[in-house]
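Chain letters run A, B, ... following the sequence lines, proteins first, then strands; residues in each count from 1.
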2 protein chains.
Amino acid sequence: MSVTIKDVAKLAGVSISTVSRVINNSKPVSLEVRRKVLEAIDELGYKPNEVARSLVTRKSNLIGVIITDIGNSYIAQMVRGIEEVGRMYKYDIVLSSSYGNPDTEKKFAQLLRSKQVEGIILVSEKNNDEVIKEIEDFRIPFVYLNKYYSNLNTPTVSIDNFEASFKMTKYLLGLGHEKILYTTAQEENEASLEKFKIDGYKKAIRDNGKNKGFLYSANGFGIDDGYNMGEDVIKLVKENNITAVFCCQDELAIGLINYCYDNHIKVPEDLSICGYGDTKIASIYRPKLTTVKEPYYDIGAVAIRRIIKKLKDEEIEEDHIYLPIRIMKRESCRRIK
Amino acid sequence: MSVTIKDVAKLAGVSISTVSRVINNSKPVSLEVRRKVLEAIDELGYKPNEVARSLVTRKSNLIGVIITDIGNSYIAQMVRGIEEVGRMYKYDIVLSSSYGNPDTEKKFAQLLRSKQVEGIILVSEKNNDEVIKEIEDFRIPFVYLNKYYSNLNTPTVSIDNFEASFKMTKYLLGLGHEKILYTTAQEENEASLEKFKIDGYKKAIRDNGKNKGFLYSANGFGIDDGYNMGEDVIKLVKENNITAVFCCQDELAIGLINYCYDNHIKVPEDLSICGYGDTKIASIYRPKLTTVKEPYYDIGAVAIRRIIKKLKDEEIEEDHIYLPIRIMKRESCRRIK
DNA sequence: CTGAAAGCGCTAACAA
DNA sequence: TTGTTAGCGCTTTCAG
């Protein structure tokens, strides 16, 4: 049986309200009494029961985070940002992994709500309006994070994908590449962010004015998909004298480079390849991957910051927060004359 | 204002105890009344307040997990295991990242306790007896996970490091390597698991009987450390005709291979290199890394399973649970005649 | 089978 | 400045 406020009160010879006052600093308490209470607390090793506290204050100091899978390094980075700034404001994180299942997302949202979390961050990889509606019904601060699909009307934080893609293509062009292949995936999905990225790419190609672009559609965004598209892509490269491939995700790029490695095509000597995301592996891999940095840590940090602002009734900027991007110029793309 | 048990009771025309009984199935309730209550619950969209529930039942259904950094992929895997089996038993995970600071670990432990978590898993990378003592004082189920250092007398789950290292060395020997360098780090630390790994390596070398072993001590376990030891290691390799390097961690191996890549030494053609851990990158990297698989997911899963067993007063096996290992035979080590 | 009432540990009026 | 008291939303005796 753990020690409660009553025990402290008894030992200090005061009422429980007084004890409450000193631990919360909510009302003036005479120096003498405060000292006695503090002593009693110390002697008993008393720690307030946060559950009881939550019940009366209606503040759990908990923020629910629903993710697809912490095994994805970009999600781990986001969670890192979320946790770290949450911590600064004394919020704890309750983590739930949905593994992409919408029903699970919904169930977890309800579960979190019944645990009285004060806000929810949903990191999803599909588009799931129903869950979003459900969470919005809770009327607690909510941020939706999705690196693949957009969902208008829901607070979110991301990069400007059009601009990012435009800049990367410009960079490639600047390196002397004239024929650049953009590999996308699932671009037919209404809400896919690929739309913007393709547009950015096309705009840069168009601005350059020398060549038309090349588009290839992979089956997905994973390393395997990157590897599997290898044969098609290399064929395309050879037929059209393409010198650079801009992959819509790092994983795709890594998979493609792996395919090249296995088939004795040298990157970047024979072919320049860049990615998008700057996931952890991008800088570890050899050749180091040239890529667009999506600041995952910051995205998480800003997301929870927004929730906390809302909780504190601070002024909120617009619903969609855009974070700055950077082109990470590394080894996988070389300059050609 | 959210709907409470009172609202349900009123709408259903029964007492709150009856409502409680139907939601908990704790006592018989007549079919008719049950139906009415269920209807009311449904109509109001009632969800029990878990905080209030926790207060009276003293069960928070929360398990606290203190980690160093979710950015480490092996930790992400452990957390994945923890979360996934926790979920099966209806436990939620509260995550706290200490970034290796012992004071922070301790503070979080106390914080978690005051949030009434029912158990704690501490994933640490240093040895911190004080924190362990503190947590043990809580008298709640506790598991300590540390891939670098051992702490006797505290429940933990790991692999048998001696055996793992022995097996890997055997495998290298079997590939025809006679001169194998083992690169360690921090082996002088009393509690370091390196002791066991070095012993396993030495035993295999001794059993083989042909050559003495070679030991090199890096400055740490990271990719940078692996890269930085490159010069020394390659010198050692050349001077002694070493053909294989067994690194005590995957990161060290990756760093070393990166060094080789940058210095035009081919792996495995010129030198075989293997790691230890089988972190995510090991199978993505090219060449694919030959390594010892430490089953991080399972370690997390078994750890929380143990906590839940304890919570349910099920029988507990011994304090130290050993999980089976596997040698992942991949590309970075080749057979030599 | 059902309801009234006590109480989990704490905060926050309200009095004094 | 301090104590008394009424809850927060729920579970759980104890009567009936």
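- When the P atom of C:dG9 is taken as reference, atom NZ of A:K59 falls 22 Å away, rounded to whole Å.
- Closest to the B:R58 side chain, of the nucleotides C:dG3, C:dG9, C:dC1, is C:dG9.
- The interatomic distance linking A:L44 (CG) with C:dG9 (C1') rounds to 15 Å, in whole Å.
- The side chain of B:T18 contributes no N or O atom lying less than 4.0 Å from OP1 or OP2 of C:dT2.
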Give the B/S/- string for nucleotides 10-16 of chain C, one per nucleotide from 5' to 3', where a protein heavy atom under 4.0 Å of the base yields B, of only the sugar-phosphate yields S, and otherwise -. BBBB---
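- With values rounded to the nearest 0.5 angstrom, B:R139 atom CZ is found 6.5 Å from B:D137 atom CG.
- Annotation for B:D7 and B:T4: closest pair OD2-N, 2.8 Å, computed over non-hydrogen atoms.
- Remark: the B:N146 side chain and the B:Y144 side chain contain an N/O donor-acceptor pair separated by less than 3.5 Å.
- One interatomic measurement links the two molecules: CD of A:Q116 to P of D:dG9, which rounds to 9 Å at whole-angstrom precision.
- Here the C1' atom of nucleotide D:dC10 and the CG atom of B:D7 are 13 Å apart, to the nearest Å.
- A:L311 and A:E118 get closest at one heavy-atom pair: CD1-O, 3.5 Å.
- Geometrically, B:R87 engages A:F108 in a cation-pi contact defined by less than 6.0 Å to the ring centre and at most 45° from the axis.
- The distance between atom CG of B:L55 and atom C1' of C:dC8, rounded to the nearest whole Å, is 4 Å.
- Atoms CG and CD, on A:L122 and A:E105 in that order, are 5.0 Å from each other to the nearest 0.5 Å.
- Regarding B:N61, its CG atom lies at a distance of 16 Å from the P atom of D:dC10, rounded to whole Å.
- If you check every strand for non-hydrogen atoms under 4.0 Å, B:V14 touches sugar and phosphate atoms only.
- A:V51 comes within 4.0 angstrom of no nucleic acid atom, judged by non-hydrogen atoms across all strands.
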